[in-house]
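Chain naming here is simple, since letters A, B, ... match the order of the sequence lines and numbering starts at 1 in each. Bear in mind that the values here come from a model prediction, so they are computed numbers and not experimental data.
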There are 2 protein chains.
Amino acid sequence: MAGVQRGPRERMVFSAAQLIRRDGVSATGMRDVAVHANAPRGSLQHYFPGGKEQLVGEAVTWAGRYAGKRVARFMADLAEPAPSALFAAMVRQWTDEYETADGLGGCPVAAATVDCASSEATREAAAAAFMCWRAPVAEALTELGVPAERAEPLATLMISSLEGAIIMARAEGDVRPLRTVARELGPLLDAAVLPDRPTTGRGEA
Amino acid sequence: MAGVQRGPRERMVFSAAQLIRRDGVSATGMRDVAVHANAPRGSLQHYFPGGKEQLVGEAVTWAGRYAGKRVARFMADLAEPAPSALFAAMVRQWTDEYETADGLGGCPVAAATVDCASSEATREAAAAAFMCWRAPVAEALTELGVPAERAEPLATLMISSLEGAIIMARAEGDVRPLRTVARELGPLLDAAVLPDRPTTGRGEA
DNA sequence: ACGTTTCCATGACAGTGGTCATAGTAGCCG
DNA sequence: CGGCTACTATGACCACTGTCATGGAAACGT
């Protein structure tokens, strides 16, 4: 995975995100995070004097940044430059995980949102994380030929569908919802591409 | 709300769903449920000998049934019989709540899914709840003229988008994502209606 | 009236969580 | 070496949770 050896602090943030997305925020204990990160428990209060709220916040922020960076890599690896292909890549990241690891993980940002209505700070971190994720998606859409005024809404729709499908897939224990949204939403996304700007080449149809 | 005075047992299930969808499963204590339901604490072990897992399971099941029944009512109240109108009604249920109560609630089924990967029983209850919700939506879509083979996938897409938008809206503290998915997904849904069968289901215009 | 079943009340227990206090170690600068 | 800072270690505290045990109160059939 990313950041295997990056100092105890980042390892703890990473582990927190990992555990949160699997078990939820409340079910993830600080001690568990230290153990999972192979980090000393005493470092928790040293690096995160703000306590669990700070750790969760940083994990959520990290997850948002990570998701944003992934968008750039998806764009670079796209076989054909179409919005549907980008969305398919985003979805495939999850279906792949569901097939390798049997444990069906979720999105840490969603987990923090669902589980932390109490903490205003965490809620704001989640909102920022979603923005860090949505902005690159919207930018990618414009690069793919989607008009600027539709890029942001469609990015919101993509992330919403993906998040919801992740939840349904976890509940069902099957990737069906993920594949379904990828298949059903693709045409809508491609139809938003401006016809007079066929975006670097190979056109569909 | 529904079921204000229906015996302590149902009140507790209802209150559990209410609290779960606001605070998450782990953050919702059994004692809180009893207090919120104006029910005696001693009744918990009497009505729910299976403990918290049973209570959460019934709350999730209740929520699924509730969502399914709402679909029928939405269909009855539709001004114009189009899939986009049904989806808009489903979304409006949430935007309305966000504007009346400042506390932004979530979906209890999603909360249970995110927060209870540990419990297999809860996961299955969530899967069943999603099915109890998706089936009426798919059926409604066919009534509205969507071909049978596309009804289920589109229902999955609708619920996924809605769930994801709920999460994003909670994070942002704004209904923007909800309105966005309703607006962006509407045309796709209406485009799935068979042209030669213009809304056969109800003759009302 | 009596007993049995259903339901309610309350206190205790064991476990766990986050957090704090205190003390120990490593490294660097004088 | 002394002092200072960064980091690690560990144990204790307190609040809280789900669960259980025990006992009381209605309800109701007979």
Visitor: Are any of Tyr47(B)'s side-chain N or O atoms less than 4.0 Å away from OP1 or OP2 of dC8(C)?
Guide: yes

Visitor: The side chain of His46(B) lies closest to which of these nucleotides: dC7(C), dT19(D), dG17(C)?
Guide: dC7(C)

Visitor: Classify the ring geometry of Trp133(B) against Phe130(B): parallel below 30°, tilted from 30° to 60°, perpendicular beyond 60°.
Guide: parallel

Visitor: Measure CE/Met12(B) against P/dC7(C) and give the value in whole Å, please.
Guide: 10 Å

Visitor: Can you tell me how far C1' of dT19(D) sits from CG of Leu44(B), to the nearest Å?
Guide: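 For the pair Leu44(B) CG and dT19(D) C1', the rounded distance is 11 Å.
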
Visitor: Measure the shortest side-chain to side-chain distance between Arg92(A) and Thr95(A) over non-hydrogen atoms and say whether it is less than 4.5 angstrom.
Guide: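 Counting from C-beta outward, Arg92(A) and Thr95(A) do come under 4.5 Å.
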
Visitor: Given atom CE of Met30(A) and atom C1' of dA12(D), what is their separation to the nearest angstrom?
Guide: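 From Met30(A) CE to dA12(D) C1': 17 Å.
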
Visitor: Can you identify which nucleotide, out of dG18(D), dA9(C), dA9(D), has its nearest atom closest to the Pro40(B) side chain?
Guide: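 For Pro40(B), the side-chain atoms sit closest to dA9(C).
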
Visitor: Just wondering, do Val35(A) and Arg31(A) contact through their side chains at under 4.5 Å, heavy atoms?
Guide: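 Counting from C-beta outward, Arg31(A) and Val35(A) never come under 4.5 Å.
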
Visitor: Over how many whole Å does the gap from Arg31(A) atom CZ to dA9(D) atom P extend?
Guide: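 Value for this atom pair: 15 Å.
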
Visitor: Over how many whole Å does the gap from Lys52(A) atom NZ to dT19(C) atom P extend?
Guide: 8 Å

Visitor: Could you state the CZ-P distance from Arg9(B) to dC7(C), rounded to the nearest angstrom?
Guide: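 Answer to the nearest Å: 10 Å.
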
Visitor: Is Phe48(A) close to Glu53(A) at the side-chain level, that is, under 4.5 Å between some pair of heavy atoms?
Guide: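 Of all side-chain heavy-atom pairs linking Phe48(A) with Glu53(A), none is under 4.5 Å.
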
Visitor: Between P on dT17(D) and CG on Asp23(B), what's the gap in Å once rounded to a whole number?
Guide: 11 Å

Visitor: Any idea which of dC20(D), dT19(C), dG18(D) is nearest the Gln45(B) side chain?
Guide: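 Looking only at heavy atoms from C-beta outward on Gln45(B), the closest nucleotide is dC20(D).
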
Visitor: Quick check: any donor-acceptor pair below 3.5 Å linking the side-chain of Arg41(B) to the base of dG11(C)?
Guide: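 By the distance-only test, yes, there is a pair.
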
Visitor: Look at the aromatic rings of Tyr98(B) and Trp94(B) and report parallel, tilted or perpendicular, splitting at 30° and 60°.
Guide: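 Perpendicular, since the angle between the ring planes exceeds 60°.
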
Visitor: Whole-Å distance between dG17(C) C1' and Asp32(A) CG?
Guide: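 Taking atom C1' of dG17(C) as the reference, CG of Asp32(A) is at 10 Å.
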
Visitor: Are any of Ser43(B)'s side-chain N or O atoms less than 4.0 Å away from OP1 or OP2 of dC7(C)?
Guide: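 Checking dC7(C) against Ser43(B), no side-chain N or O comes under 4.0 Å of OP1 or OP2.
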
